[in-house]
Amino acid sequence: MQRKIYLKKLDVSDALEKYKAELQQRGFFFDESEIIQTRKSARRVLAEAVYAKRNVPAYNSAAMDGIAVRSVDTAGASKVRPKILQKNQFEFINTGNPMKIPFDSVIMIENVHVIDEDHVQIFESIPPFHNVRLIGEDVCEQDMIFTRYHRLRPYDVALLLAAGVFEVKVLKKMKAIVIPTGGEVVQPEDEIDVGAIPETNSVMIKAYLEELDVDVNVNDVVPDSLDLISETILKAVESYDLIFLNAGSSAGSFDYSYHALEQLGKVVVHGLNVRPGKPTILGIIRNKPVICLPGYPGSCYVILENIVKPLINEKYRIITEKNLFLEASSLRRVVSSISEDEFIRVSLAKIKDRYVFVPLKRGAASMDALSKMSGTVVVQKGVELLDEGDKVTVGLNRSLEEIDKNILFVGSHDPLISIIADLLKQKDFSLNMSIVNAGSMGAVAAVAKNCAHIGGIHLFDPVSGEYNVPYLKRYLPQYILMKFVKRNQGLIVQKGNPKKIENLFDLTRKDIRFVNRQRAAGTRILLDYHLSKLGIDPSQINGYEDEEFTHINLALKIKKGMADVGLGIAFAAKIMDLDFIPLIWEDYDLLVLEEFFNDDRFQIIMDLILSKNFCNSDLIYQGYDLSSVGKIIRGENCDQISGNNNQ
Ligand SMILES: Nc1nc2c(c(=O)[nH]1)N[C@H]1C(S)=C(S)[C@@H](COP(=O)(O)OP(=O)(O)OC[C@H]3O[C@@H](n4cnc5c(N)ncnc54)[C@H](O)[C@@H]3O)O[C@H]1N2
Ligand code: MOO
C-alpha cells in the first residue's frame with residue numbers, strides 16, 4: 001500500500017466551507033424530524049412552528065389571596081369612607097382559584113377588615129379585573145409560541161405543556177459512530193505492554209458529541225487492515241448519520257483511513273493548515289459525512305472544536321457560540337510554524353490588573369495540556385514568533401470568574417506545591433492554583449515581571465553560602481520571601497543501588513548514565529556548584545545534557561532504566577521506590593510581591609501551610625524539615641528581617 005501524502009492543505013475555515021458545500025449538495029442539511037413527547041424535549045430543536053392549543057391561564061383566576069367582589073360594588077369606598085360588603089357581595093378566594101360569576105375583581109386580604117363570616121369592610125374602590133389573571137393573558141389559544149429551529153430550554157418546555165402541546169416535532173437527533181482503528185490500541189483498563197496505547201480518544205469523542213446532543217455508539221477497535229476498515233465503514237453508513245474514524249489519518253505505512261474513504265466515496269479534504277490536527281480527512285460516503293480525526297488527542301480535540309462542532313450545530317440550526325476573548329501577555333517565547341495556524345493551549349491568570357498566560361505542553365499527544373488549559377492562543381499562519389511579553393488575544397475555555405481567581409505558581413518543581421493546591425480547593429473550591437515548573441531562576445524572573453503570583457525557589461549562592469536572599473537582592477528591588485521547607489537533595493539511584501554509586505565523583509564513571517535537570521533549575525545550579533567545587537568537569541559526565549523538568553520525571557527515567565542516577569529530592573525517590581543518597585539540605589521558599597502578599601488568597605495559603613493539617617500530614621514524607629516554615633523575610637532596597645510570623 002502506498003503511503004498517502006496529503007492533498008493540498010486547506011485553512012480550517014475554507015475546509016469547513018468546502019465540506020459543508022459538498023454535504024449540502026448531497027442533502028445532508030435537509031431537515032429530518034421526529035415527533036417526541038414535549039416532556040422529554042428539553043434541548044431539542046423544533047422542526048416547525050408551534051401554536052398554543054389552549055389558553056394560559058385557561059380561565060380567569062385570582063392573582064392574590066383575598067376576597068372576590070364585583071368591582072361595581074366597591075364604587076365609592078376609600079380609606080376615609082370605608083364600605084361594608086354583605087354576604088353574596090363577596091367570597092373568600094385564594095391565589096390561583098377560578099373567579100366565579102358574578103365576581104370580576106379581587107381585593108387583597110391585607111386590605112380587608114373582616115367583621116364576621118358575612119360582613120367585610122373595604123377601603124378601596126377597584127376597577128374590573130383588578131388582581132385577576134385573565135384567561136389567555138399569558139398565551140392565547142392559536143398564538144404561535146415558537147418559530148421553527150427554536151432550541152427548547154427548561155421554561156420553554158413548561159410553557160408548551162401549559163399551552164396544551166404534548167408532542168412536538170423536533171429535528172431528529174443524529175446518531176454517530178466512533179470507529180477507533182489501530183493494532184496498538186487497547187482498552188484503557190487493560191495492562192499496557194510496550195507498544196500498546198490506551199484507547200481513550202473514543203471516550204473523549206463520545207462525551208464531546210453527546211454534549212452536542214448526538215447519540216453515540218463506539219465500535220470495537222478495528223485493526224490496521226484496509227478491508228476491515230472499509231467493511232466497518234460500509235456497515236456504519238447504513239445505520240448512522242455521522243461516522244468518525246479515529247487515527248490512521250497521516251502518512252504511516254499502516255494509515256489506511258484515506259484509502260478506505262477514497263475507495264468507498266469521496267475525500268473532500270485531506271490535510272489542514274492547522275497544528276495540531278493537520279492530517280484530518282473530511283470524506284463523504286453514500287451522502288454521509290465520514291470524518292477521520294487524527295490519532296493524537298490534542299489534534300482530535302482541535303478538529304472536534306473547529307470542524308465537527310460547527311458542522312453539527314449547522315445541521316441542528318444552532319449558532320455556534322464563540323469563546324470569550326481577552327488580551328493577555330505571554331510568559332514565554334513561542335516559536336511557531338509559519339505555514340500553519342497553531343492552536344496553543346495556555347494557562348491564564350490575572351496578575352495586578354492584567355492577564356498573563358503560560359503556554360502549556362505543545363505536543364499534539366499531550367492530554368495533560370488539554371486538561372490544564374484555561375485558554376487557547378491561535379498563532380496565525382505567517383507568524384513565526386510570539387515573544388515573551390507579547391500581548392495577544394486568548395480565547396477562554398474557562399469562565400472569567402475562574403480565571404480571575406486562579407493563582408499562578410511558577411517555580412522549581414516540588415510535589416508539596418500540588419498538595420497545597422489540593423488543600424486550597426478543600427478550603428475554598430473556587431480557588432485554583434496553576435503550577436508551572438520553570439526552575440528557580442524562571443520563578444524569580446516571572447515574579448519580578450509580574451507574570452506569576454508566587455515563585456517557588458531554592459537558589460544556592462556559592463559566595464555567601466546562603467539560599468535565595470542573595471539572588472533576590474540582586475534581581476528584585478522589593479520582595480517578600482516566606483520560608484517554606486528545607487529539603488534533602490541527593491543522588492537518586494536504582495533500588496538496591498546496583499551500581500554502587502556513593503558520591504558525585506561516581507558520575508564520571510564510564511558505566512554510569514546520568515540524568516540532569518534543566519538549566520534554570522535550582523537543582524542544576526546546586527549540581528554545577530558542587531561539581532566545580534570538587535573539580536569535576538561536566539563534560540566527563542555521560543548524560544549531563546539529558547535534561548528533565550521535574551524531580552518526578554527524573555526519578556521515572558531512573559526507574560525505567562533510562563538512566564542510573566540523577567540529583568533530586570528524597571520525596572521523588574520515595575514515591576518512585578528508588579534509593580536515595582542524601583547530600584545536602586537546601587531551603588525551598590516562596591517568593592511573592594507585596595500586592596499578592598496582602599491578597600486574601602495568599603493569606604489562605606499561609607494559614608494552610610501553617611496548619612496542623614499540613615505540617616503533621618502523612619503527606620510530608622521523609623526528606624522535608626518544616627522548622628522554619630512561615631518566617632517572613634522582607635526585602636526593601638536594604639534588607640531586613642521583619643520577624644517570625646506565627647511559629
Ligand atoms: N511522516 C509523517 N508522520 C506523521 C505526520 C506526517 O505528516 N508525516 N503527521 C503527524 C501528525 S501531525 C499527526 S496528528 C499524527 C496523526 O496520526 P494518525 O491519525 O495517522 O494516527 P496514528 O498514527 O495511528 O496514531 C498517532 C497516535 O495517536 C494516538 N492514538 C491513536 N489512536 C488512539 C486512540 N483511540 N486513543 C488514544 N490515542 C490514540 C497514539 O498516541 C498514536 O501513537 O501523525 C503524525 N505522523
Ligand atoms: O497536526 Mo498534528 O495533529 O500537529 O499533531
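It should be emphasised that the depicted structure is a prediction, and the values quoted were computed from it without experimental measurement.
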### Message
Show, in sequence, the C-alpha distance, side-chain angles and deciding distance for D368 and S371, and conclude whether the side-chain hydrogen bond (donor to acceptor under 3.5 Å, both in side chains) test is met.
### Response
CA-CA 5 Å; D368 189 51; S371 292; over 6 Å; no
### Query
After noting the C-alpha distance and the side-chain angles of E340 and K9, does the key distance pass the salt bridge (charged side-chain N to carboxylate O under 4.0 Å, His left out) rule?
CA-CA 10 Å; E340 284 143 0; K9 288 196 291 164; 2.9 Å; yes
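- In this structure, A236 and I177 approach most closely via the heavy-atom pair CB-CG2, 3.7 Å.
- The two residues H270 and V267 have their closest heavy-atom pair at CB-CG1, 4.0 Å.
- N553 and T550 are linked by a side-chain donor-acceptor pair at a separation below 3.5 angstrom, with hydrogens and angles left out of the test.
- Note: R513 CZ to K557 NZ = 10.0 Å, rounded to the nearest 0.5 Å.
- Put simply, CG on L16 and CG on L311 are 6.5 Å apart, with the number rounded to the nearest 0.5 Å.
- Not one N or O on the side chain of H150 forms a donor-acceptor pair closer than 3.5 Å with the backbone of A49.
- Between the side chain of S336 and the backbone N or O of E384 there is no donor-acceptor pair closer than 3.5 Å.
- Contact check on K278 versus E342 returns no salt bridge, with no Lys/Arg side-chain nitrogen under 4.0 Å from an Asp/Glu carboxylate oxygen.
- In terms of modelled atom types and a separation under 3.5 Å, the side chain of R44 and the main chain of L171 share a donor-acceptor contact.
- In summary, the side chains of T393 and E327 do present a donor paired with an acceptor at a separation below 3.5 Å, with no hydrogens or angles considered.
- Considering only heavy atoms from C-beta on, I318 stays 4.5 Å or farther from Y149 through its side chain.
- Side-chain polar atoms of S330 and D390 form no donor-acceptor pair below 3.5 angstrom.
- Rounding to the nearest 0.5 Å places OG1 of T376 at 9.0 Å from CG of L370.
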Solution key, residues 161-170 side-chain donor-acceptor pairs under 3.5 Å, sequence neighbours excluded:
none

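- Atom CD1 of I192 has more than 12 neighbouring heavy atoms from other residues, nucleotides or ligands inside a 6.0 Å radius.
- Between V222 and P180, every side-chain heavy-atom pair lies at or beyond the 4.5 Å cut-off.
- The main-chain N or O of N313 is never found under 3.5 Å from a side-chain atom of R317 such that the two would form a donor-acceptor pair.
- The environment of CZ in R39 is sparse: at most 12 heavy-atom neighbours from other residues, nucleotides or ligands sit within 6.0 Å.
- Looking at residues two or more places apart in sequence or on another chain, you find a side-chain contact (heavy atoms from CB on, under 4.5 Å) between R133 and P57, S61, A63, E137, D138.
- Ion pair K235/E231 not flagged as a salt bridge, since none of the NZ, NE, NH1 or NH2 atoms sits closer than 4.0 Å to an Asp/Glu carboxylate oxygen.
- L386 is not listed as a side-chain neighbour of R333, based on a closest heavy-atom distance of 4.5 Å or more.
- Side-chain atoms of K53 never come within 3.5 Å of backbone atoms of Q142 as a donor-acceptor pair (strictly under, hydrogens ignored).
- Considering all non-hydrogen atoms of both residues, M204 and P297 come closest at CE-O, 3.6 Å.
- Taking 4.5 Å as the limit, every side-chain heavy atom of R43 sits out of range of all side-chain heavy atoms of L152.
- Other residues, nucleotides and ligands contribute more than 12 heavy atoms inside 6.0 Å of the NZ atom of K495.
- Counting all heavy atoms, side chain and backbone alike, P294 lies closest to I303 at CD-CG1, 4.2 Å.
- Annotation: side chain of P276 is in contact with side chain of R345 (closest heavy-atom distance under 4.5 Å).
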### Task
Output, in order, the C-alpha distance, side-chain angles, deciding distance and verdict of salt bridge (charged side-chain N to carboxylate O under 4.0 Å, His left out) for E32 and K315.
CA-CA 10 Å; E32 287 163 279; K315 173 77 180 163; 3.1 Å; yes
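- For K381 and D341, the salt-bridge test fails: no basic side-chain N is under 4.0 Å from an acidic carboxylate O.
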### Task
Determine, step by step, whether I281 and S257 satisfy the side-chain contact (heavy atoms from CB on, under 4.5 Å) criterion, reporting the C-alpha distance in whole Å, the side-chain angles of both residues, the deciding distance to 0.1 Å, and the verdict.
CA-CA 8 Å; I281 310 172; S257 303; 4.0 Å; yes
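- The backbone N or O of I284 lies less than 3.5 Å from no partner atom in the side chain of K266, so there is not a single donor-acceptor pair.
- For D241 (side chain) and K175 (main-chain N/O), a donor-acceptor pair under 3.5 Å exists by modelled atom type.
- Atom OH of Y208 sits in a crowded spot, with more than 12 heavy atoms from other residues, nucleotides or ligands closer than 6.0 Å.
- Counted within 6.0 Å of OH on Y51, heavy atoms from surrounding residues, nucleotides or ligands total 12 or fewer; the atom is thus considered open.
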### Task
Report the C-alpha separation of V358 and V346 in whole Å, then their side-chain angles, then the decisive distance to 0.1 Å, and conclude whether the side-chain contact (heavy atoms from CB on, under 4.5 Å) test is met.
CA-CA 5 Å; V358 189; V346 304; over 6 Å; no
Donor-acceptor contacts under 3.5 Å from residues 419-433 side chains, at least two apart:
{"unit_1": "K425", "atom_1": "NZ", "unit_2": "F429", "atom_2": "O", "d": "2.8"}
{"unit_1": "K425", "atom_1": "NZ", "unit_2": "L431", "atom_2": "O", "d": "3.1"}
{"unit_1": "D428", "atom_1": "OD1", "unit_2": "S430", "atom_2": "N", "d": "2.9"}
{"unit_1": "D428", "atom_1": "OD1", "unit_2": "S430", "atom_2": "OG", "d": "2.8"}
{"unit_1": "D428", "atom_1": "OD2", "unit_2": "S430", "atom_2": "OG", "d": "3.4"}
{"unit_1": "S430", "atom_1": "OG", "unit_2": "K405", "atom_2": "NZ", "d": "2.7"}
{"unit_1": "N432", "atom_1": "ND2", "unit_2": "N406", "atom_2": "OD1", "d": "3.2"}

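- Rounding to the nearest 0.5 Å gives a distance of 6.5 Å between CG of N246 and OG1 of T181.
- The closest donor-acceptor contact from the side chain of R151 to the backbone of V45 lies at 3.5 Å or more, if one exists at all.
- The main-chain N or O of G277 is found under 3.5 Å from a side-chain atom of T280 such that the two form a donor-acceptor pair.
- Between the side chains of N219 and T232, no donor-acceptor pair is found at a separation under 3.5 Å.
- Residues N201 and F244 have side chains not in contact (no heavy-atom distance under 4.5 Å, counting atoms from C-beta outward).
- Taking the ring centre of F29 as origin, the terminal cationic atom of K20 falls outside the region bounded by 6.0 Å and 45° from the ring axis.
- Using modelled atom types, no side-chain atom of H413 and backbone atom of N437 make a donor-acceptor pair closer than 3.5 Å.
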### Query
Please walk me through it: do V308 and L293 pass side-chain contact (heavy atoms from CB on, under 4.5 Å)?
CA-CA 10 Å; V308 175; L293 298 164; 4.3 Å; yes
### Task
Might you work through the side-chain contact (heavy atoms from CB on, under 4.5 Å) test for F343 and V379, ending with a clear yes or no?
CA-CA 7 Å; F343 284 69; V379 182; over 6 Å; no
